Amino acid sequence: MTSAPSLHEEYDVLERLQLKGYELEGLLNIGIIAPVAGGPSGHPRYCAETVDYLATPQQRIRLSDALWWDFDLNRPGFMPDCAPWARVVDLPCYPFDDKEQQSWARRYYKLKKACAPFPYPYPERLARYRSRMEDRATKAFERKHRIKRPPRTRGTDVSIRGTQVKISRAKLRDLVWSKTMIRAGADLGITETALRHLCKRYMIPMPTRGHFNHKDPKKRPLKPALPLLPRSNPDD
């Protein structure tokens, strides 16, 4: 049995990398680091292996350079004009990992500098970039540790009273396991019999009769997972 990969909370990252909160925010904004999971309370968690790598002396200098990089000077902006600067880490796009990240950071720093002391003027672009970086980091983390996500349920066209409705199988499953079939059918505007036929057609597990008669909800059978629809099914 393989052990679960180690994850760090945000305060662990700040302590391990000796960063302040605004510095970590800056690294997140240019994609140098990204969370790979969420905790029970929704707070981001980071790959401990990645954080430990970034805590090495060379990488800590790289993080500092990334926070203060000046693309016009092609070196960190905090250095005096007469001071020589040599690359500490030999990377093709130092201090950024690839050309796409460098291109984004160039635009981000340019607008941020032009609008100072005000915040970055396009928060929706920043949110999209961070979400994309987080998704990439999460997928790479899951591939490395062979973590499989539960399959996503796709939307299904369901015919209710002659009207095509886009609703996911998961939502149908949640509905029939949250209340009796009669009440669930009434919410959809169909009869209990029609709802049962709908669930059978899309392979949605249904609770047994008397399921909601248990006085103690904890004694009720748990809601089952959705089985995969056959690929040959034209409605899939």
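Every heavy atom of this structure was used, including side-chain atoms; hydrogens, water molecules and symmetry mates were not. Owing to the predicted nature of the structure, the values given are computational and were not obtained by experimental measurement.
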Under the side-chain contact (heavy atoms from CB on, under 4.5 Å) criterion, do Ser178 and Leu175 qualify, and how do the steps go? CA-CA 5 Å; Ser178 65; Leu175 179 63; 4.3 Å; yes

Give a yes or no on this: more than 12 heavy atoms of other residues, nucleotides or ligands lie within 6.0 Å of atom CZ of Arg132. yes

Between the side chains of Arg45 and Glu10, is the shortest nitrogen-to-carboxylate-oxygen separation below 4.0 Å, so that they form an ion pair? no

Close side-chain approach of Val13 to Ile33, heavy-atom, < 4.5 Å: yes

Give the minimum heavy-atom separation between Met133 and Gly31, together with the two atoms involved. CG-CA, 4.2 Å

For Cys199 and Leu172, run side-chain contact (heavy atoms from CB on, under 4.5 Å): C-alpha distance rounded to whole Å, both residues' side-chain angles, the deciding distance at 0.1 Å, then the answer. CA-CA 8 Å; Cys199 291; Leu172 280 174; 5.7 Å; no

At their closest point, which heavy atom of Arg173 faces which heavy atom of Pro224, and how far apart are they? NH1-O, 2.8 Å

Separation between SG of Cys47 and NZ of Lys144, rounded to the nearest 0.5 Å: 6.5 Å

When rounded to the nearest 0.5 Å, the distance separating CZ of Arg128 from CZ of Arg125 is 7.5 Å

Check whether any side-chain heavy atom of Leu28 sits under 4.5 Å from a side-chain heavy atom of Pro35, and report yes or no. yes

Of all residues at least two apart in sequence or in a different chain, which pass the ring pair (Phe, Tyr, Trp, His ring centres under 6.0 Å) check with Tyr122? none

Evaluate the side-chain proximity of Val51 to Leu17: yes if any heavy-atom separation is below 4.5 Å, no if none is. yes

Hey, which of Tyr120, Trp104, Tyr108 is the one that makes side-chain hydrogen bond (donor to acceptor under 3.5 Å, both in side chains) with Asn29? Tyr108

Are side-chain heavy atoms of Asp70 and Tyr109 found at a separation under 4.5 Å? no

Between Asp187 and Lys179, is the side-chain contact (heavy atoms from CB on, under 4.5 Å) condition met? List the steps. CA-CA 10 Å; Asp187 288 350; Lys179 56 185 68 178; 2.7 Å; yes

The test is side-chain contact (heavy atoms from CB on, under 4.5 Å); show your working for Lys139 and Asp135 and say whether it passes. CA-CA 6 Å; Lys139 288 180 179 178; Asp135 188 56; 3.3 Å; yes

Of the non-hydrogen atoms in Leu195 and Ala184, which two are nearest, and what is the gap between them? CD2-CB, 3.7 Å

Does Thr138 reach the main-chain N or O of Glu134 with its side chain, forming a donor-acceptor pair under 3.5 Å? yes

Hey, what do you get for CZ (Phe71) to NZ (Lys113), rounding to the nearest 0.5 Å? 11.5 Å

Hey, could you give me the CD1/NE2 distance between Ile190 and His197, rounded to the nearest 0.5 Å? 10.5 Å

Residues in ring pair (Phe, Tyr, Trp, His ring centres under 6.0 Å) contact with His211, at least two apart in sequence or another chain: Trp177

Can Thr56 and Arg60 be counted as having a side-chain donor-acceptor contact under 3.5 angstrom? no

Whether Asp12 side chain and Glu9 backbone form a donor-acceptor pair below 3.5 Å: yes

Rest of the hydrophobic cluster containing Phe141 (Ile/Leu/Val/Met/Phe/Trp/Tyr, side-chain heavy atoms under 4.5 Å)? Leu7, Val36, Ile147

Just wondering, do Glu142 and Lys148 contact through their side chains at under 4.5 Å, heavy atoms? no

Between the CG atom in Asp174 and the CZ atom in Arg169, the distance rounded to the nearest 0.5 Å is 12.0 Å

Closer than 4.0 angstrom, basic N to acidic O: yes or no for Lys20 and Glu25? no

Suppose we screen for salt bridge (Lys or Arg N to Asp or Glu O under 4.0 Å). Which residues come up paired with Arg16, at least two apart in sequence or across chains? Asp52

Spatial distance of atom CD1 (Ile32) from atom CG (Leu54) [nearest 0.5 Å]: 8.5 Å

Checking Arg196 now: which residues fulfil side-chain contact (heavy atoms from CB on, under 4.5 Å) with it, not counting sequence neighbours? Met181, Glu192, Met206, Arg209

Taking the side chain as C-beta and beyond, is there a heavy-atom pair between Gln101 and Tyr129 under 4.5 Å? yes

Does Glu49, at its CD atom, have more than 12 non-hydrogen atoms belonging to other residues, nucleotides or ligands within less than 6.0 Å? no

For Glu15, give me all partners under side-chain hydrogen bond (donor to acceptor under 3.5 Å, both in side chains), at least two apart in sequence or on another chain. none

